[in-house]
Amino acid sequence: MAPKLAFDAIVVGGGPAGTAAAITMAKGGLDVILIERGRFAGAKNLFGGVLYTHALAEVLPDYWERKPPFERPVTEQGYWLLSPDSAVRILHKSEQYKSEPAEAYTALRARFDAWFAAQAVQEGVLLIAKTTVTDVLRDRKGRAVGVATDRPEGDVYAPILVIAEGVNNLLTQKLGLARGDLPPRYVALSVKEVVGLPAPEIEARFGLAGAHEGVAIDVFGDATLGLPGTAFVYTDAKAVSIGVGLLLEELVYHKLRPYELLARFKSHPVVRPYLAGGTSLEYGAHLIPEQGYDRMPEVAADGVLVAGDAACMVDALHREGSNLAMTAGRMAGETALEAHREHDFSARFLRAYRRRLEESFVLKDLRQYRRMTDLLDSTPDFIGTYVNFINEAAGRYFTAHGIPKREMEGEILGLLRERRSFFGVARDMMTLLRGMRG
Amino acid sequence: MKARKHHPLSPELQASLPRVDVDNLITSVRYDVDEDFAHLSIKDHRVCQGCPAKPCLDFCPVGVYRLDRQDRVMVGYQACVECGSCRVGCPLFNIGWALPRGGYGVAYKFG
Ligand SMILES: Cc1cc2nc3c(=O)[nH]c(=O)nc-3n(C[C@H](O)[C@H](O)[C@H](O)COP(=O)(O)OP(=O)(O)OC[C@H]3O[C@@H](n4cnc5c(N)ncnc54)[C@H](O)[C@@H]3O)c2cc1C
Ligand code: SF4
Ligand code: SF4
């Protein structure tokens, strides 16, 4: 029999969570193997998306010198509230966003994740791509001692395993740390298209001064037919990333085809001019775990830590996920380093990881917004009703009708009452506030 | 968990959805197809016969599930982008879902 292939730590998944864990452990002196099923790290991954540098800087303080493949800094961000034929835009543009490095950059994951994993390799991590982990190996007491892969003689051993397998957390489920899949009302299916356009065109259309400026817009209302979900328009260097996502339960219930929603959004009169003449470079789809806090798997077991989307660490309201994943990955790595120092890989010891998460923004934010999905889902026409109202109100407000302003205000309130009773509005506002406060 | 309140979409909204040729859309996607292993399967075709809505035909973002001439659900696993929606969204849990073998399946260039 060939000698056992053994490492100090195994990481499953080369996304932000897994790579952050691998880098942290390698920097701490551990012998780490990072196993990724894609042709390369990033090949399976897709997001909007906006990357936040605070989390990256804590993993790699010198990340800027390592030239990350960012698309554009986010120098303007905000919301479009779409009705079927109009939009109210709330955008914030500020010199404050123009520091270098900036707080946030748009990115494309096939490029970014590949770069991030290459940094792990530089830190001494053994990256094995094109390899699917099929099972967790356990000893007689049920403690994780390694993984099985789909390579011949592909078993790998280590006293600690960081599972960062993303939203399709089959291993986490197999270990019994998650009780099955999230139900369809707690996952959103997003489809996205990368539409290629010359940089000067993008800059002219979005009002950007050059390659050092970019926008990130989240879109509510008509893009999702008013149903619970959001859409987005982000500027990349030479492309626009555009997508739409709905709670899967809505797609199932209404028998909607996500690509038709995307096509409809792209042809909205407010959106279409931004994309005119562009070439479709790539289409794709991905799930987002929503409202994780109350459905989070156990994040620690004997010899195992779980990080990122695999543990539902997404703050959907603020479109944050990659930064939670990186931070959780780093904390998993730090906990593994301590476990090695103390030679203790028990669940009891590894629960320090959960406490770390609780003290950080990761679990604080997830706890605060734990009710948002329930709020939207209990009133699925919530978004549509208010977004359409705001558009009509703006239409009245900005039009000179030759009527006294006091009357116009009354009319605007009347518009809302047509849609929702006075008490209905009051209750919606209360639930929204409670959802925000947590 | 509060009861869900779905209202059917208005016919005007339904009609506002454009028809899209999904096969054309996915020509932009790179795949390394595993000809020897289908990572998706229908567990029991009789269960699909008792599934009136057949939502998988619609929500799959790349149209993997289609009906054949006998109205049986066919699985075109080669087009799958491995999002996981069918595993979660099939109301009768009738889809066998595994990850493709290492290196196979979708390979985004941008993502
Ligand atoms: C449409 C969309 C928009 C988003 N927008 C944003 C945004 O703007 N900002 C933001 O911060 N976040 C955003 N997110 C969320 C963010 O993408 C995720 O939270 C983040 O990618 C989670 O990282 P992760 O490392 O946990 O998982 P993933 O990135 O999913 O990585 C998991 C990795 O594990 C690999 N893997 C899985 N199983 C196995 C196995 N058995 N064997 C080997 N390898 C395996 C996968 O191939 C993958 O590389 C968005 C998500 C989506 C879908
Ligand atoms: S949704 Fe599930 S049960 Fe219904 S037709 Fe599709 S695979 Fe069959
Ligand atoms: S995993 Fe996603 S892309 Fe693949 S068949 Fe299921 S729904 Fe379609």
Side-chain angles (χ1 to χ4, degrees), chain A residues 37-40 42-47 84 108-111 113 129-132 149-151 167-168 170 181-185 187 189 191 194 225 227 239 248-264 267 280-287 374 377-381, chain B residues 1-10 12-14 16-22 24-32 37 39 53-63 80-91 93 97-111:
Chain A
R37 67 188 187 85
R39 294 180 67 233
F40 56 90
K44 302 291 183 185
N45 303 344
L46 171 155
F47 82 158
L108 295 163
R109 292 287 299 283
R111 294 174 182 166
D113 289 10
K130 296 189 185 177
T131 304
T132 300
T149 70
D150 63 356
R151 297 252 175 173
V167 62
N168 290 306
L170 303 181
D181 279 317
L182 289 171
R185 71 186 292 184
V187 291
L189 170 57
V191 292
V194 181
L225 310 176
L227 297 169
L248 183 57
E249 186 182 70
E250 301 294 332
L251 295 170
V252 170
Y253 178 84
H254 296 289
K255 284 180 66 66
L256 294 167
R257 301 187 187 110
Y259 36 89
E260 293 182 357
L261 287 164
L262 180 60
R264 184 178 177 278
S267 63
S280 175
L281 298 178
E282 189 173 75
Y283 169 76
H286 207 283
L287 284 181
D374 270 334
D377 199 53
S378 62
T379 322
D381 49 357
Chain B
M1 187 147 89
K2 267 193 205 150
R4 110 165 88 69
K5 283 186 229 154
H6 284 300
H7 303 297
L9 290 171
S10 70
E12 299 85 73
L13 266 186
Q14 288 278 7
S16 71
L17 286 162
R19 292 281 153 250
V20 174
D21 178 0
V22 66
N24 186 35
L25 195 58
I26 61 176
T27 53
S28 64
V29 185
R30 176 188 165 146
Y31 297 98
D32 297 294
F37 172 61
H39 66 288
K54 296 195 175 28
C56 62
L57 303 179
D58 296 314
F59 69 67
C60 169
V62 288
C80 174
V81 291
E82 301 149 40
C83 69
S85 300
C86 54
R87 191 187 69 247
V88 178
C90 166
F93 304 99
W97 200 97
L99 292 173
R101 292 193 292 178
Y104 287 109
V106 69
Y108 289 124
K109 300 179 292 286
F110 301 95

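Protein chains get the first letters and strands the later ones, always in sequence-line order, with residue 1 at the start of each. Hydrogens, waters and symmetry mates are skipped; everything else that's a heavy atom, side chains included, is used.
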For the atom pair NE2 (His254(A)) and CD (Gln14(B)), what is the distance rounded to the nearest 0.5 Å?
8.5 Å

Most heavy-atom pairs under 4.5 angstrom with chain B, which of Gly38(A), Ala263(A), Pro258(A)?
Pro258(A)

Relative to chain B, which of Arg109(A), Lys255(A), Arg111(A), Arg151(A) shows the most heavy atom pairs under 4.5 Å?
Lys255(A)

Tell me every residue that passes side chain to side chain donor-acceptor pair (under 3.5 Å) with Ser16(B), counting only those two or more places apart in sequence or in another chain.
Arg264(A)

Using the rule given for side chain to side chain contact (heavy atoms under 4.5 Å, CB included), can you reason through Asp32(B) versus Lys130(A), listing the C-alpha separation, both sets of side-chain angles and the distance that settles it, and then say yes or no?
CA-CA 11 Å; Asp32(B) 297 294; Lys130(A) 296 189 185 177; over 6 Å; no

Given the options Thr27(B), Val29(B), Leu57(B), which has more heavy-atom pairs under 4.5 Å with chain A than any of the others?
Val29(B)

Residues Leu262(A), Leu25(B); criterion side chain to side chain contact (heavy atoms under 4.5 Å, CB included); working and verdict
CA-CA 11 Å; Leu262(A) 180 60; Leu25(B) 195 58; 5.6 Å; no

Could you check if a side-chain atom of Val62(B) sits within less than 4.5 angstrom of a side-chain atom of Tyr283(A), using non-hydrogen atoms only?
yes

When you measure from the side chain of Glu260(A) to the backbone of Leu17(B), do you find a donor-acceptor pair of N or O atoms at a distance under 3.5 Å?
no

Atom pairs and distances, donor-acceptor, side-chain atoms in residues 100-107 of chain B, under 3.5 Å, two or more places apart:
{"unit_1": "Arg101(B)", "atom_1": "NE", "unit_2": "Asp34(B)", "atom_2": "OD2", "d": "2.7"}
{"unit_1": "Arg101(B)", "atom_1": "NH2", "unit_2": "Asp34(B)", "atom_2": "OD1", "d": "2.9"}
{"unit_1": "Arg101(B)", "atom_1": "NH2", "unit_2": "Asp34(B)", "atom_2": "OD2", "d": "3.1"}

Quick check for you: to the nearest 0.5 Å, what is the distance between Leu99(B) atom CG and Asp150(A) atom CG?
9.5 Å

Against chain A, label Cys90(B) side chain, backbone, both or neither, depending on which of its atoms sit under 4.5 Å from a heavy atom there.
neither

So which part of His286(A) gets closer than 4.5 Å to some heavy atom of chain B, the side chain, the backbone, both or neither?
backbone

Sole candidate of Val252(A), Leu189(A), Asp181(A), Leu182(A) that passes side-chain contact (heavy atoms from CB on, under 4.5 Å) when paired with Val88(B)
Asp181(A)

Using the rule given for side chain to side chain contact (heavy atoms under 4.5 Å, CB included), can you reason through Val20(B) versus Arg257(A), listing the C-alpha separation, both sets of side-chain angles and the distance that settles it, and then say yes or no?
CA-CA 9 Å; Val20(B) 174; Arg257(A) 301 187 187 110; over 6 Å; no

Which atoms of Asn168(A) are under 4.5 Å from chain B, going by heavy atoms: the side chain, the backbone, both sets, or neither?
both

In this structure, OH of Tyr253(A) is separated from CG of Leu9(B) (nearest 0.5 Å) by 9.0 Å

Applying a strict 4.5 Å limit to non-hydrogen atoms, the region of Leu170(A) in contact with chain B is side chain

Hey, are the side chains of Arg30(B) and Glu282(A) touching, using non-hydrogen atoms and a 4.5 Å cut-off?
no

Rounded distance [0.5 Å steps], CG in Leu287(A) versus CD in Glu82(B)
12.0 Å

Would you please test Leu108(A) and Tyr108(B) for side chain to side chain contact (heavy atoms under 4.5 Å, CB included) and show each step?
CA-CA 10 Å; Leu108(A) 295 163; Tyr108(B) 289 124; over 6 Å; no

Would you say Phe37(B) has more than 12 foreign heavy atoms packed within less than 6.0 Å of its CZ?
yes

Chain B contact via Phe47(A) - side chain, backbone, both or neither, heavy atoms under 4.5 Å
backbone

Return the minimal non-hydrogen interatomic distance between Leu251(A) and Phe59(B), and the atom names on each side.
CB-CB, 4.1 Å

Between CD1 of Ile26(B) and OH of Tyr259(A), what distance do you get to the nearest 0.5 Å?
9.5 Å

Counting heavy-atom pairs under 4.5 Å with chain A, the top scorer among Gly84(B), Pro61(B), Pro55(B) is Pro61(B)

Part of Ala129(A) within contact of chain B (heavy atom distance under 4.5 Å)
neither

Interface check, chain B: of Val191(A), Leu225(A), Val187(A), Val194(A), most non-hydrogen pairs under 4.5 Å belong to Leu225(A)

